[in-house]
Amino acid sequence: MNLLQEILRLSSEVISADQLEKMLAKSEASGEPLRIKFGIDPTFTDVHLGHAVPIRLLHLFQKHGHLPVLIIGDGTARLGDPTGRNDQRPPLTVQDVETNAATYLEQIGTIVDLSDGKCEVRRNSEWFGEMDFFDCLKLASSSTAARLLERDDFKKRMKENLPVHLHEMMYPLMQGLDSVKVKADVELGGNDQLFNLHMGRQMQERAGQRPQVCITTPLLLGTDGRKMSKSYGNHVGLNAEPADIYGKVMSLSDEGMAEWFRLATGLPDDQIEGVLAGHPREAKDKLARTIVADVHSEHAAEAAAAAFVAQFRKKEVPDDIPLKMVEAGSYSLPALMKDVGLGQSTSEARRLIQGGGVRINGHVVNDVKRQVEVVADKEPLLLQAGKRRFVHVQAG
RNA sequence: GGGGAGAUACCUAAGUGGCCAACAGGGAUGGACUGUAAAUCCAUUGGCUCAGCCUUCAGAGGUUCGAAUCCUCUUCUCCCCA
């Protein structure tokens, strides 16, 4: 499979494939690498597997000698990408943005080689920080209200009588300006980014540059089939623990497996087909192992799989249970649970107990008024809430 | 600038003076079943020193024995006109 074919396999739309093919050929002939732009706004701390799809593609380009231009949207993050949002993002402080940016780079670094010469990392505050109001007006004049309002997100919000703020309309223009500033040859993004990518093309043309090729990648859906998002809890974070990643992947719906294999693993198509032909549980195990091995290591994947089988299929108690120290004494069970973090409130703990989801040392307790003695110098008490929350409690 | 509509719990959304910690659905959590898939069923879904009490219906005041519901002001949003 050549580079172009591999790119097409991981993308949902390429504008245009012809242009890309020519660019690749020209670059090969001249030895001049293509500048592949990928922007990410440091609006939160977790990069998840869904974000990783375009990043994998970026890496693919890098492997073939092209230059990733990674844009940390520390300017745009202050504003917030309205893509797919039904509400406005809360504004972030400079501090938040900085912390997030650092963790982002760390996580992206596990996939793409970020070292000097191999990759260019830019922050868009570099140019946005210098612009004054008149520069903004000029930027605003590069498109029209009607054009910007065409986007689905805005149209939808207008239709639902939700607010669309003026500054949100500037977002695509800002992203477009990024492309102009870094003279991108190609820009990658999730398939909800098509509008923004297009804007870059348009603005480069106005600026007298060769318009970038836009490549969008399919959206990797969350484990429950909805859009992958931290707020739904259906995401797999790149900085998550092996056991966590493994478990999350195992909770994926069967329907999603084929797509996950293609987008989230580097396995070749024929091998994927072979695995999918077998038992769905085995296939999912393979998927989960592969992903854990990618993010962490083979060894971690092996351990995660074994721990999973023990805990959920054999219902054994896991061996890495967090230990919480409390003062020795007599506690009402709900209060103790709240203290050690098994529940936000005593009321919630109480509900768990009433629902039969709480065990002490393996025995179900459904008496809300149960007093628990925590005595010094004794074996820790094992508290369990639900299937997967375990805590050891010890006096100290 | 003028006129109209609206803000209810995680989300959608009912409730227009006491029967309201607030209908219903979604989501979430716990339980049964199981492959931590799907489907199905049951329970829970403000807090607490929990048969009781306390704090909630955008915010601040007010009327009333009693307010999510009525009045006044404030903030925010949408629609129509300019």
Side-chain angles (χ1 to χ4, degrees), chain A residues 84-88 90-91 149 154-166 168 221-236 240-261 275-276 278-289 291-292 304-318 329-339 341-360 363-372 383-390:
Chain A
R85 303 280 300 191
N86 252 345
D87 46 14
Q88 240 190 109
L149 284 169
F154 290 156
K155 253 198 281 191
K156 208 172 138 209
R157 277 207 250 165
M158 303 276 279
K159 209 171 147 194
E160 287 172 19
N161 292 345
L162 291 165
V164 174
H165 290 258
L166 273 185
E168 296 182 272
L221 295 175
T223 50
D224 57 1
R226 290 184 288 172
K227 183 186 169 181
M228 186 179 287
S229 155
K230 198 181 175 188
S231 50
Y232 291 148
N234 63 359
H235 71 301
V236 174
E241 294 300 311
D244 222 44
I245 298 179
Y246 187 93
K248 278 272 180 55
V249 177
M250 285 308 277
S251 75
L252 172 68
S253 60
D254 288 1
E255 295 72 47
M257 273 201 287
E259 192 76 343
W260 274 56
F261 265 116
V275 174
L276 284 174
H279 191 291
R281 184 172 27 108
E282 299 309 317
K284 218 174 283 174
D285 169 70
K286 173 75 179 164
L287 178 65
R289 278 170 194 257
I291 291 172
V292 176
F308 181 87
V309 169
Q311 184 176 350
F312 296 107
R313 290 178 63 192
K314 298 188 186 152
K315 304 210 182 213
E316 287 167 10
V317 175
S330 178
Y331 291 81
S332 82
L333 182 54
L336 181 63
M337 287 175 62
K338 181 188 163 198
D339 284 353
L342 294 177
Q344 297 278 306
S345 62
T346 59
S347 297
E348 191 185 320
R350 191 176 275 269
R351 275 180 233 123
L352 282 168
I353 297 166
Q354 279 162 346
V358 174
R359 288 161 189 261
I360 297 178
H363 300 289
V364 175
V365 176
N366 41 29
D367 176 13
V368 173
K369 295 199 165 141
R370 174 68 169 269
Q371 286 290 312
V372 182
L383 244 58
Q384 179 181 0
K387 288 191 179 89
R388 46 181 123 51
R389 282 180 291 165
F390 294 85

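Just so it is clear: chains get the letters A, B, ... in the order the sequence lines come, proteins before strands, and each one is counted from 1.
If you measure from atom CG of A:L352 to atom P of B:U45, you get 12 Å, rounded to the nearest angstrom. One can place CE of A:M337 at 18 Å from P of B:U44, the figure rounded to the nearest angstrom. Rounded to whole Å, atom P of B:U49 lies 14 Å from atom OH of A:Y331. The interatomic distance linking A:E348 (CD) with B:G47 (P) rounds to 7 Å, in whole Å. One atom, CG of A:D254, and another, C1' of B:A37, lie 4 Å apart when rounded to the nearest Å. Distance, A:L342 CG to B:U29 P: 15 Å, rounded to whole Å. For A:L166 and B:U77, the CG to P distance is 12 Å, given to the nearest whole Å. If you take NZ of A:K387 and P of B:G30, they are 7 Å apart, rounded to a whole angstrom.
Taking atom P on both B:C20 and B:U12, the two are 24 Å apart, rounded to the nearest angstrom. Across B:C78 and B:U8, the matching P atoms stand 15 Å from one another, rounded to whole Å. Distance noted for atom P between B:G4 and B:U55: 37 Å (whole Å). For the C1' atoms, the distance from B:A7 to B:A58 is 6 Å, rounded to whole Å. Comparing B:C42 with B:C50, their P atoms are spaced 31 Å from each other, to the whole Å. Across the P atoms, B:G25 and B:U77 are found 33 Å apart, a figure rounded to whole Å. Nucleotides B:C54 and B:C81, compared at atom C1', are 49 Å apart to the nearest Å. Here, B:A28 and B:C10 have their C1' atoms 8 Å apart, quoted to the whole Å.
Under the Watson-Crick or G-U wobble criterion, with both distances below 3.5 Å, B:U44 is paired with B:A28. Across all strands shown, B:U49 remains unpaired; no Watson-Crick or G-U wobble contact has both distances below 3.5 Å. If you check B:C76 for Watson-Crick or wobble pairing at under 3.5 angstrom, you find it paired to B:G6. In this entry B:U56 has no Watson-Crick or G-U wobble partner, no candidate having both defining distances under 3.5 Å. B:G1 is paired with B:C81 under the Watson-Crick or G-U wobble criterion, all donor-acceptor distances under 3.5 Å. Pair check for B:C70 finds B:G62; Watson-Crick or G-U wobble, both atom distances under 3.5 Å.
Between A:V358 and A:M337, the shortest heavy-atom contact is CG2-CE, 3.7 Å. Nearest heavy-atom pair across A:V236 and A:I245 is CG1-CG2, 3.5 Å. Heavy-atom minimum distance, A:K387 versus A:F312: O-CE2, 4.0 Å. The two atoms that bring A:G356 and A:V364 nearest to each other are O-CG1, 4.2 Å, heavy atoms only. Heavy-atom minimum distance, A:L333 versus A:I360: CD1-CD1, 4.0 Å. What you find for A:F261 and A:A283 is that their closest heavy atoms are CZ-O, 3.5 Å.
When heavy atoms are screened at a 4.0 angstrom cut-off, A:T346 is found touching base atoms of the nucleic acid. As judged by a 4.0 angstrom heavy-atom cut-off over every strand, A:K248 is placed among residues making no nucleic acid contact. Among the protein residues, A:R350 comes within range of the nucleic acid bases, having at least one heavy atom under 4.0 Å from a base atom. Contacts of A:S253 with the nucleic acid, taken as non-hydrogen atoms under 4.0 Å apart, involve only primed sugar atoms and P, OP1 or OP2. Using a 4.0 Å heavy-atom criterion, one finds that A:G386 contacts the sugar-phosphate atoms exclusively.
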Polar atom pairs (N or O), protein with nucleotides 78-82 of chain B, under 3.5 Å:
| unit_1 | atom_1 | unit_2 | atom_2 | d |
| --- | --- | --- | --- | --- |
| B:C78 | O2' | A:N161 | OD1 | 3.4 |
| B:C78 | O2' | A:N161 | ND2 | 3.2 |

Might you list the N or O atoms of the protein lying below 3.5 Å from N or O atoms in nucleotides 20-27 of chain B, with each pair's distance?
none

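Distances from the side chain of A:K338 to the nucleotides B:C48, B:A51, B:G35 place B:C48 closest. Across B:U34, B:G35, B:G47, the shortest atom-to-atom separation from the side chain of A:S347 is found for B:G47.
Scanning for salt bridge (Lys or Arg N to Asp or Glu O under 4.0 Å) contacts around A:R350 gives an empty result, with sequence neighbours left out.
The base of B:G35 lies outside donor-acceptor range of the side chain of A:D285, with no N or O pair under 3.5 Å. Side-chain atoms of A:S345 and base atoms of B:C48 include no donor and acceptor less than 3.5 Å apart.
Side-chain contact between A:L352 and A:L342 is absent, with no heavy atoms from C-beta onward closer than 4.5 Å. Residues A:L336 and A:L383 meet the side-chain proximity criterion, which asks for heavy atoms closer than 4.5 Å.
Comparing A:T223 and A:K315, the nucleotide of RNA chain B nearest to each residue sits closer to the 5' end for A:K315. Taking the nucleotide of RNA chain B with the nearest heavy atom to each of A:R281 and A:R389, the more 5' of the two is matched to A:R389.
The pair A:D285-A:R281 does not count as a salt bridge, with every side-chain nitrogen at least 4.0 angstrom from each carboxylate oxygen.
In terms of phosphate contacts, A:R351 brings a side-chain nitrogen or oxygen within less than 4.0 Å of OP1 or OP2 of B:G47.
For A:Q371, the CD atom is densely surrounded, since the number of other residues' heavy atoms within 6.0 Å is greater than 12.
A:E316 contributes no side-chain N or O that, together with a main-chain N or O of A:P318, makes up a donor-acceptor pair within less than 3.5 Å.
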